[in-house]
Novice: 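Just dropping this structure here.
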Amino acid sequence: MTEAKAEGSEPTRSLHFIHQIIEEDNKTGKFDGRVQTRFPPEPNGYLHIGHAKSICLNFGTALKYGGKCNLRFDDTNPVKEDIEYINAIQEDVRWLGFQWDALFYASDYFEQLYQWAEKLIQDGKAYVCDLTAEQVAMYRGGLDPKTAKESPNRNRSVEENLDLFRRMRAGEFPDGARTLRAKIDPRAANINLRDPVMYRILHATHPHVGDKWCIYPMYDWTHGQSDSIERVTHSICTLEFENNRPLYDWYIQQLGIYAPQQIEFARLNLTYTVMSKRKLLELVKNKYVSGWDDPRMPTLCGIRRRGYTPEAMRNFCERIGVSKFPGTIDMAWLEDAVREDLNKRAARVMAVLKPLKVVIDNYPEGQTDELDAVNNPEDPAAGSRKVPFSRIVYIERDDFMENPPKDYFRLAPGREVRLRYAYFVKCVNAVKDDKGEVVEVHCTYDPETRGGNAPPDGRKVKGTIHWVSVAHAIPAEVRLYDHLFAKENPDDIPEGQDYKVNLNPNSLVTLTDARVEPSLAGAKPGNRYQFERLGYFCVDRDTEGKSLVFNRTVTLRDSWAKLEKAQQKKK
RNA sequence: UGGGGAAUGGUGUAACGGUAGCACAGCAGACUCUGGAUCUGCUUGUCUAGGUUCGAAUCCUAGUUCCCCAGCCA
């Protein structure tokens with residue numbers, strides 16, 4: 001190894017293959033050093049985490065190279081698209097933290113596209129076909145070109161084609177009666193080149209251009225030229241469009257217009273969820289979830305409601321990288337990304353999810369203490385607050401065990417623990433109901449441990465648990481979320497079954513009897529907190545007036561839970 | 001069956017003929033008023049077989065496996 005690292009030189013961070021291509025293009029002057037990308041969603045559904053990867057890539061690339069990135073709706077199919085989606089998509093892109101240079105609609109180019117179509121007809125490069133959809137499929141043959149044959153209408157005269165096409169536009173024919181097809185090669189090895197359909201007849205109202213058209217261009221006839229019109233340099237898209245690139249190139253070449261460079265990358269797959277728009281729509285429509293923004297959904301509005309931050313999302317997209325390998329990323333990465341972000345910024349508070357009453361026998365009745373609690377140990381500027389303490393407190397049910405294993409550090413008969421920020425308490429006895437369930441625990445406290453400090457005798461406790469004062473606590477509803485699907489790969493299903501058999505029946509557990517510390521009074525929807533020792537939570541939009549509703553964004557890392565699980569496995 | 005792509009630890013991603021690195025997960029330990037955070041250490045990898053070369057994840061040849069395409073969807 002030579003002295004590769006010159007002193008003072010920046011360690012060069014490695015570029016993924018797309019940025020390598022761009023830097024190479026900039027070096028050779030292919031696009032005069034210009035970099036322009038775009039995010040081109042179809043407004044037929046809500047954006048999901050997979051789109052976030054594309055958004056971060058496209059907008060991030062423009063930002064990195066001082067270029068432009070537009071938002072363009074590829075709205076070529078009015079029967080599936082809707083203004084609801086157009087609005088939601090814009091909101092989601094903004095939430096992620098990006099601002100487009102221009103907002104376009106592919107439908108803005110419909111007239112230009114139509115003119116270009118007439119030009120191809122004039123040049124003998126397109127023809128009107130009378131075959132039905134089924135017939136077209138049959139004539140096109142299977143994957144093997146040997147089974148293909150050409151359309152009987154392939155050699156119509158230019159005049160007849162032009163006349164028919166104009167009458168298609170004029171609305172003379174019913175839906176599906178005819179199509180305009182590119183005259184390329186009926187027996188091409190690449191099936192996309194076997195005289196693809198350019199226009200279909202669709203008497204439908206378009207969400208953006210209304211009833212202006214009754215013929216609509218196919219995506220393939222629209223996408224490349226739209227990029228060309230906008231002068232996109234690097235047209236970044238997902239792998240499945242590799243097969244279509246030769247077709248886009250053909251159109252651009254026949255038209256003799258500016259040619260962007262298409263680069264394909266692998267779309268994002270995540271464990272324990274589905275990303276297909278069709279499936280997400282089905283989950284919403286058939287009420288498997290409460291809506292597009294159900295916090296269990298991988299939609300951007302869903303994870304937003306769940307409490308994820310845009311910073312965490314962008315960081316996640318940065319970390320997973322960009323390549324052409326269609327792998328699946330472990331959901332744990334996403335969770336790690338939010339934890340990392342929220343750890344630095346979320347205020348710590350105490351909340352008891354499943355309350356168990358603790359009476360401190362030797363604490364004076366009617367007395368209240370105001371104890372200092374740190375708001376965020378990761379951020380001294382966050383300051384501190386007062387938390388009220390009194391004779392009866394709630395602790396977490398899971399923090400008491402009558403017959404605990406050795407490595408259980410929490411409260412148990414005869415054991416002493418620290419109540420966070422308050423006192424050491426020692427369990428005297430537990431009171432049970434007729435069913436044998438512990439309903440109340442009695443403790444004594446040590447006044448010398450006020451503030452949670454160790455007593456003069458140097459006594460130590462292994463566990464510190466959280467609590468709220470019964471007299472001061474605020475009731476709250478807490479929604480605990482888990483993976484939407486019970487299997488890493490929801491599509492891993494038994495013969496003849498459906499992916500929905502893998503839905504996780506415990507993906508939502510609602511706790512209606514939680515208590516939170518009084519400082520949370522007046523918390524607003526969207527506010528994020530760390531409930532100490534439990535996880536990160538945010539105030540849900542269902543919160544109204546006094547009734548607080550929290551969503552669990554993600555649990556804290558829990559080495560005790562891990563231990564428990566491991567021990568259960570041993571048994 | 002035709003065409004287009006891709007293969008590096010459990011997962012994802014670097015290395016561009018010269019020490020296989022990073023992150024997540026996992027394991028062990030330190031520290032701790034969160035079994036949190038932080039810190040330290042560890043396990044695990046170049047699809048296979050040949051070849052070129054002083055030297056191959058990288059170049060060549062052959063094979064294997066996986067993904068995508070047969071909408072008037074995008």
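Side chains included, hydrogens not; waters and symmetry mates left out as well; all remaining heavy atoms used. Note on naming: letters A, B, ... go to the chains in the order of the sequence lines (proteins, then strands), and numbering restarts at 1 for each one.
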Novice: Counting any heavy atom closer than 4.0 Å, what does A:Y408 reach on the DNA or RNA strands: base, sugar-phosphate only, or nothing?
Specialist: base

Novice: Salt bridge or not for A:R194 and A:E150, using N-O below 4.0 Å?
Specialist: no

Novice: Please state how far atom NE2 in A:H19 lies from atom P in B:C16, giving the value in whole angstrom units.
Specialist: 20 Å

Novice: If I pick the C1' atom on B:A57 and the same atom on B:C16, what distance separates them, to the nearest angstrom?
Specialist: 11 Å

Novice: Could you state the atom-to-atom distance from CD of A:E396 to C1' of B:G35 in whole Å?
Specialist: 14 Å

Novice: Taking only Lys NZ, Arg NE, NH1 and NH2, and the carboxylate oxygens of Asp or Glu, determine whether A:D399 and A:R533 approach each other closer than 4.0 Å.
Specialist: yes

Novice: Assign A:P246 to base, sugar-phosphate, or nothing according to its heavy-atom contacts below 4.0 angstrom with the strands shown.
Specialist: nothing

Novice: Salt bridge (charged side-chain N to carboxylate O under 4.0 Å, His left out) with A:E416: which of A:R459, A:R410, A:K462?
Specialist: A:R459

Novice: At less than 3.5 Å, do the side-chain atoms of A:Q530 and the base atoms of B:U34 form a donor-acceptor pair?
Specialist: yes

Novice: Would you kindly give the CG-to-C1' distance between A:L556 and B:A37, to the nearest whole Å?
Specialist: 9 Å

Novice: What string of B, S and - do you get for nucleotides 6-13 of chain B 5' to 3' if you count protein non-hydrogen atoms under 4.0 Å?
Specialist: S----BBS

Novice: Roughly how far apart, to the nearest Å, are B:G35 and B:A30 at atom C1'?
Specialist: 15 Å

Novice: Given the side-chain rings of A:Y216 and A:Y199, with only the six-membered ring counted for Trp, is the space between their centroids under 6.0 Å?
Specialist: no

Novice: Does A:R410 make a side-chain donor-acceptor contact with the base of B:G35, cut-off 3.5 Å?
Specialist: yes

Novice: Between B:G10 and B:G17, how far apart are the two P atoms, rounded to whole Å?
Specialist: 28 Å

Novice: For A:E318 and B:C22, what is the distance between atoms CD and P respectively, to the nearest whole Å?
Specialist: 19 Å

Novice: If you measure from the Lys or Arg side-chain nitrogens to the Asp or Glu carboxylate oxygens, is any gap between A:E264 and A:K324 under 4.0 Å?
Specialist: yes

Novice: Select base, sugar-phosphate, or nothing to describe what A:K562 touches, counting heavy atoms under 4.0 Å on all strands.
Specialist: sugar-phosphate

Novice: Do A:D227 and A:R38 meet the salt-bridge criterion of a basic N to acidic O distance under 4.0 Å?
Specialist: yes

Novice: Expressed in angstrom and rounded to an integer, what is the separation of A:N489 atom CG from B:C66 atom P?
Specialist: 15 Å

Novice: Given the P atoms of B:A49 and B:U64, what is the spacing between them in whole Å?
Specialist: 15 Å

Novice: Are A:R267 and A:E240 close enough for a salt bridge, meaning some N to O gap below 4.0 Å?
Specialist: yes

Novice: Testing A:T464, A:D446, A:N453, A:T449 one by one against A:R418 for a side-chain hydrogen bond (donor to acceptor under 3.5 Å, both in side chains), which residue passes?
Specialist: A:T464

Novice: When the C1' atoms of B:C69 and B:C27 are considered, how many whole Å apart are they?
Specialist: 44 Å

Novice: Under 4.0 Å: is that the gap between some side-chain N or O of A:Q20 and OP1 or OP2 of B:A15?
Specialist: yes

Novice: If you measure from the P atom in B:G29 to the same atom in B:C47, how many Å do you get, rounded?
Specialist: 35 Å

Novice: Between A:F73 and A:Y105, is the ring centroid distance below 6.0 Å?
Specialist: yes

Novice: Starting at CG of A:N376 and ending at C1' of B:U38, how long is that distance when rounded to a whole Å?
Specialist: 14 Å

Novice: With a 4.0 Å cut-off on N to O distance, would you call A:D74 and A:R72 a salt bridge?
Specialist: yes

Novice: How does RNA chain B read in dot-bracket, base by base from 5' to 3', with Watson-Crick or G-U pairs under 3.5 Å and | used when the partner is on another strand?
Specialist: .((((((..((((....[..)))).(((((.......)))))....(((((..]....))))))))))).....

Novice: How is A:R339 classified with respect to the nucleic acid when contacts are heavy atoms under 4.0 Å: base, sugar-phosphate, or nothing?
Specialist: nothing

Novice: State whether A:R156 and A:D130 are salt-bridged, where the test is any N-O pair (Lys NZ or Arg NE/NH1/NH2 against Asp/Glu carboxylate O) under 4.0 Å.
Specialist: yes

Novice: How long is the line joining CD of A:E24 and P of B:C16, in whole Å?
Specialist: 16 Å

Novice: Before we go on, tell me: are the rings of A:Y114 and A:F165 under 6.0 Å apart, centre to centre?
Specialist: yes

Novice: If we take the P atom in both B:C54 and B:C66, what is their distance in whole Å?
Specialist: 38 Å

Novice: Checking contacts here: which listed nucleotide (B:C27, B:G35, B:U38) is nearest the side-chain heavy atoms of A:R557?
Specialist: B:U38

Novice: Describe the nucleic acid contact of A:E264 in one word from base, sugar-phosphate, nothing, applying a heavy-atom distance below 4.0 Å.
Specialist: nothing

Novice: Taking protein heavy atoms under 4.0 Å as touching, what does nucleotides 69-74 of chain B look like 5' to 3' if B marks base contact, S marks sugar-phosphate-only contact and - marks none?
Specialist: BBSBSB

Novice: In whole Å, what separates the C1' atom of B:G26 from that of B:U44?
Specialist: 10 Å

Novice: For A:E340 and for A:E378, find the nucleotide of RNA chain B with the closest heavy atom, then tell me which residue's nucleotide is more 5'.
Specialist: A:E340

Novice: Expressed in angstrom and rounded to an integer, what is the separation of A:N343 atom CG from B:G36 atom C1'?
Specialist: 7 Å

Novice: Out of A:V197, A:T76, A:N244, which residue meets the side chain to side chain contact (heavy atoms under 4.5 Å, CB included) rule with A:D220?
Specialist: A:N244

Novice: Looking at A:W221 versus A:Y251, is the centre-to-centre ring distance below 6.0 Å?
Specialist: yes

Novice: Which glycosidic conformation, syn or anti, is assigned to B:G29 if syn requires a torsion within 90° of zero?
Specialist: anti

Novice: If you take atom types as modelled and just measure distance, does the side chain of A:E564 reach the base of B:G35 with a donor-acceptor pair under 3.5 Å?
Specialist: no

